[in-house]
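What follows is a short report on a single structure.
Only this structure's heavy atoms are used, side chains among them; waters, hydrogens and symmetry mates stay out. Start at 1 with the first residue, then count along the sequence.
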Amino acid sequence: MAEFRSITAAATNLDMRTATASAAIKRVENALGMELFIRTTRQLRLSSAGERYIPQCEQALNLLEQARQNMRDSLDIVDGELRIALSSDLGRNLVTPWLDEFLDIYPGVSLKINISDSNIDFYRDSVDLALRYGSPTDANLYGFKICNVPGILCATQGYLDKHGTPEHPHDLAAHNGLFYQLYDVIHDLWVFSHNGTEYKVKMRGDRASNDGDLVRRWCVAGKGVAIKSCLDMSADLLSGRVVNLLPEFKPRATELWLVCPSRQSITPAVRLLRDRFQEKSREILNQLVEKGFLERSVLD
């Protein structure tokens with residue numbers, strides 16, 4: 001009631017009749033001998049007594065939930081709902097099949113998936129964990145590193161036959177860049193390193209998107225050159241649909257992390273999911289190493 005400021009809204013959220021919810025409040029108030037809410041014709045708000053009482057009730061409920069979770073953890077029970085946020089390209093093309101396999105093994109688990117390349121707010125977006133490129137910058141978050149993820153410069157052979165194959169990063173200025181865009185910021189400044197020297201190229205191009213999967217699709221369709229994570233491009237690289245350009249000049253690398261908002265959210269299911277993500281990612285990286293797309297040090 002305190003959260004919704006309305007008996008009707010709270011009753012609807014709890015799937016009960018309004019009269020039942022109202023009677024429950026009255027019983028608590030009668031037992032305490034004081035009013036917890038001030039009622040008007042337009043709204044419901046906490047009384048001074050309610051402002052003191054409700055937070056302590058919330059703490060007690062959190063302790064009960066933590067005790068329940070601790071008991072389930074000690075029994076290694078793998079069930080419950082996992083609300084996970086995934087980036088568009090990695091999520092659709094690699095991780096979703098991994099999650100399907102996970103549910104086949106652990107049928108007591110259910111999933112809600114948030115597919116987006118935008119930054120995740122765990123509370124606003126109602127998610128329990130996020131698989132994201134880059135280590136968490138918020139000290140209040142808990143995370144598990146899944147693997148190293150080098151970037152790859154790619155294009156199709158058909159595009160290169162038409163427009164030529166670059167031999168140095170400076171040659172890229174004459175090519176059509178395919179850009180990732182986040183919050184109206186287009187990532188068109190590409191940085192490479194080689195033998196300790198950094199090369200920056202301000203690219204031009206006719207396509208940009210806030211959806212990483214679309215950028216990959218443009219690249220595979222021969223629309224230009226793109227820098228993508230080696231995981232996102234793994235199937236296209238291994239199948240020969242795209243070519244790895246300038247392999248001696250390294251784009252910026254990143255890491256893949258599984259991030260949780262609190263220690264309490266790290267359940268047995270989350271730990272098993274972490275292990276599966278690490279195993280599956282390593283399998284792909286091994287294939288890319290064996291085919292010469294990556295150096296073996298990426299596995300360290």
Between Y142 and V259, does the side-chain contact (heavy atoms from CB on, under 4.5 Å) criterion hold? Intermediate values first, please.
CA-CA 6 Å; Y142 293 80; V259 183; over 6 Å; no

Could you walk me through whether D232 and L90 pass the side-chain contact (heavy atoms from CB on, under 4.5 Å) check?
CA-CA 6 Å; D232 289 353; L90 185 72; 3.5 Å; yes

Scan side-chain atoms only and decide if [X] and [Y] contain a donor-acceptor pair under the 3.5 Å cut-off.
X    : Y    : result
S229 : Y133 : yes
N93  : D213 : yes
D211 : S88  : yes

Check this for me, if you would: do D188 and R204 make a salt bridge, where the nitrogen-to-carboxylate-oxygen distance has to be below 4.0 angstrom?
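No, D188 and R204 are not salt-bridged.
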
Between [atom1] of [X] and [atom2] of [Y], what distance do you get to the nearest 0.5 Å?
X    : Y    : atom1 : atom2 : value
W257 : F144 : CH2   : CZ    : 9.5 Å
L237 : R241 : CG    : CZ    : 9.5 Å
D89  : L94  : CG    : CG    : 8.0 Å
L294 : C230 : CG    : SG    : 5.0 Å
L178 : I227 : CG    : CD1   : 11.0 Å
S110 : E81  : OG    : CD    : 4.5 Å

What pairs with E167 under side chain to side chain contact (heavy atoms under 4.5 Å, CB included), at least two apart in sequence or on another chain?
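Listed in chain order: D171.
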
Can a donor-acceptor pair be found, under 3.5 Å and without considering hydrogens, that links the side chain of [X] to the backbone of [Y]?
X    : Y    : answer
S22  : A19  : no
K228 : G212 : yes
N176 : D206 : yes
E255 : C147 : no
S281 : Q278 : no
D128 : R83  : yes
N244 : P247 : no
T267 : V270 : yes
R282 : L299 : yes
D125 : V127 : no

With the side chain counted from C-beta on, respond yes when [X] and [Y] share a heavy-atom pair under 4.5 Å apart, and no when they do not.
X    : Y    : value
D138 : P136 : no
V243 : Y159 : no
V185 : L182 : no
C219 : V225 : no
S118 : Y183 : yes
D79  : Y106 : no
L129 : L273 : yes
L99  : I113 : yes

What are the two closest heavy atoms between [X] and [Y], and how far apart are they?
X    : Y    : result
L214 : S209 : CD2-OG, 3.5 Å
S87  : I115 : O-CD1, 4.4 Å
V78  : P268 : CG2-CB, 4.4 Å
E198 : K200 : OE1-CE, 3.3 Å
H175 : P166 : NE2-CD, 3.9 Å
M233 : V242 : CE-CG2, 3.9 Å

Let me check something: do [X] and [Y] share a hydrophobic cluster, defined by ILVMFWY side-chain heavy atoms less than 4.5 Å apart, either directly or through other members?
X    : Y    : result
W218 : V220 : no
F293 : F192 : no
V95  : L285 : yes
L245 : V149 : no
V201 : L189 : no

For L46 and I38: C-alpha separation, side-chain torsions, deciding distance, then whether side-chain contact (heavy atoms from CB on, under 4.5 Å) applies.
CA-CA 6 Å; L46 287 172; I38 297 173; over 6 Å; no

Test log, rule side-chain contact (heavy atoms from CB on, under 4.5 Å), inputs E101 and K280
CA-CA 11 Å; E101 294 174 4; K280 290 291 188 178; 3.1 Å; yes

With sequence neighbours excluded, give me every side chain to side chain donor-acceptor pair (under 3.5 Å) pair touching residues 283-300.
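For residues 283-300: none.
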
Count the heavy atoms belonging to other residues, nucleotides or ligands that lie under 6.0 Å from CG of D104, then report whether that count exceeds 12.
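Yes.
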
Would you say that more than 12 heavy atoms from the other residues, nucleotides or ligands in this model lie under 6.0 Å from the NZ of K145, or not?
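More than 12 heavy atoms, drawn from other residues, nucleotides or ligands, come within 6.0 Å of this atom.
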
For F102, is the NZ or CZ atom of R276 found under 6.0 angstrom from the centre of its six-membered ring and inside 45 degrees of the ring axis?
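No.
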
Please, which pairs that meet ring pair (Phe, Tyr, Trp, His ring centres under 6.0 Å) have at least one residue in residues 224-253, sequence neighbours excluded?
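As it turns out, the ring pair (Phe, Tyr, Trp, His ring centres under 6.0 Å) pairs with a partner in residues 224-253, which skip direct neighbours, are H168-F249, H194-F249, Y199-F249.
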
Ring centres under 6.0 Å, that's the criterion: do F179 and H187 meet it?
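That pair fails the under 6.0 Å test.
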
